[in-house]
Visitor: 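The structure that follows is given in the form of structure tokens.
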Amino acid sequence: MDRMINVVQPTLGERELAAVREVFESNWVGRGARTGEFEAAFARHLGVDPGHVTSTNSCTSATFIAMELLGVGPGDEVVLPTVSFVGVGNAIAARGARPVFCDVDEATLNPSAADVEAVLTERTKAVVILHYGGHPGAVAEIAELCRARGVRLVEDAALAVASTVDGRACGTFGDMGVWSFDHAKILVTVDGGMLYVRDPELAARAPRIAYFGLEQGGPARSGSSASFHSGYDQALRSRTRWWDYDVTSFSGRSTTNDVLSAIGSVQLSRLGEFVARRHEVARAYDEGLAGVAGLRVPPRPPAGHTSSYYMYWVQFEGGIRDQVARDLYERGIYTTFRYPLMHRIRAYGSDAVLPRAEAAAAKTLLLPIHQSLSDADVDRVVAEVRDCTAARLGRARAA
Ligand SMILES: *Cc1c(COP(=O)(O)O)cnc(C)c1O
């Protein structure tokens, strides 16, 4: 058998290694100047002020911080599409709030503004959406709905690191945005995340919640600690002891470090090239799989939207999805489905009935898409998907 083609794969190489070596040689591997540089570069990439972004050790940590900053708690409802990542459901439920799941479009797996609106109540404190597959979806319309209804919007932009609507970055439409740089994403720091907070006061609290709730450089000082040394610098200016600190919340530690941030800065400089290749792969699948009986390719993003092409999904007729997935696996092509429907996970205690999400979850399959796929890999995936679909559909129809 040929080597297995992965569904996702990072692209880490000599430039990242050189950046790590440089951090090792600096003798400072903790959170410091390189983390500040990565935050500033990421803020530029988003088109926001660097004082409004805080790096974290994961997207999930950033989501937990977002829920704390919004004051989500018992009695509150937080709306999210049932096609969402469990870390988000946990961030809501861990604060004693109730996750309320909405339906999604059957073809895009993203919710419309109407899907969100259908489940808003007077107890809704916030809405958390993602951008399925990296396609922005109705983020602009949902942001407008949330503003009109006085509900906070958090964007889980883990899949949308380079996605935009009319030039504006996904993750910056709502009140907060969170990103993931874990091993399976496009921009990979091995593990890491980022939090954007629009409100300046909440933005200033975010780095403190990410670091034990500490206010460094002596009590009663406002710490917009973009850099590890800011407490020290402030303390020197104000002649207090730089090792003093105060506690403003009972928080854990969600910070990252200069080793991972140095990798992040290199990856960010390569992001355009990564996404361009993913776009090519998506177009090749669109063309190679167009018109295959029993199979539908995903809708293209509408005019004005750019996608990060984090996922490429196809949908099967005739109930053959699981069989095709197994056949492809046996032929060395790894596929998957994201995300198992959240309202079906018992721990969240939902009794929602969401028929379009159910239909989508029963027929959707994610094909390999990453920037390291060669043209030969793409051709092989196309040929095998065509072959397996025809074989399984033939058998399903004969039965
Ligand atoms: C990966 C992922 C996350 C979590 O990211 P971590 O950095 O691993 O915590 C959150 N949301 C979505 C949609 C993801 O795919």
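First listed ligand is number 1; within each ligand, the first listed atom is number 1. Numbering starts at 1 and runs along the sequence shown. The basis for the numbers below is simple: all heavy atoms, side chains too, and nothing from hydrogens, waters or symmetry mates.
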Visitor: Between D156 and I129 (side chain of the first, backbone of the second, donor and acceptor by atom type, cut-off under 3.5 Å), is there such a pair?
Guide: no

Visitor: Considering distance alone, does some N or O of L159 sit under 3.5 Å from an N or O of ligand 1?
Guide: no

Visitor: Looking at D105 and R356, does any basic side-chain N land under 4.0 Å from a carboxylate oxygen?
Guide: no

Visitor: Establish, yes or no, whether the cationic atom of R95 lies under 6.0 Å from the six-membered ring centre of F64 and within 45° of the ring axis.
Guide: no

Visitor: Which residue owns the protein heavy atom closest to atom 2 (C) of ligand 1, what's the atom, and how far is it?
Guide: K185 NZ, 2.9 Å

Visitor: Looking only at protein heavy atoms, which one is nearest to atom 4 (C) of ligand 1, and how far off is it?
Guide: F85 CE2, 3.4 Å

Visitor: Is there side-chain contact between I209 and F250, with heavy atoms separated by less than 4.5 Å?
Guide: no

Visitor: Any sub-3.5 Å donor-acceptor pair from Y196's side-chain atoms to V48's backbone N or O?
Guide: no

Visitor: What protein heavy atom sits nearest atom 9 (O) of ligand 1, and how far away is it?
Guide: T60 OG1, 2.6 Å

Visitor: To check your reading of the model: name the closest protein heavy atom to atom 8 (O) of ligand 1, its residue, and the distance in Å.
Guide: D182 OD2, 2.6 Å

Visitor: Give the residue, atom name and distance (to 0.1 Å) of the protein heavy atom nearest atom 11 (N) of ligand 1.
Guide: D156 OD2, 2.6 Å

Visitor: Consider ligand 1: state whether an atom of it lies below 4.0 angstrom from any non-hydrogen atom of S84.
Guide: no

Visitor: Would you check whether R338 reaches within less than 4.0 Å of ligand 1, judged by its heavy atoms?
Guide: no

Visitor: Would Y339 count as a contact of ligand 1 if the rule is a heavy atom under 4.0 Å away?
Guide: yes

Visitor: Would Y310 and F274 count as a close aromatic pair, with their ring centres under 6.0 Å?
Guide: no

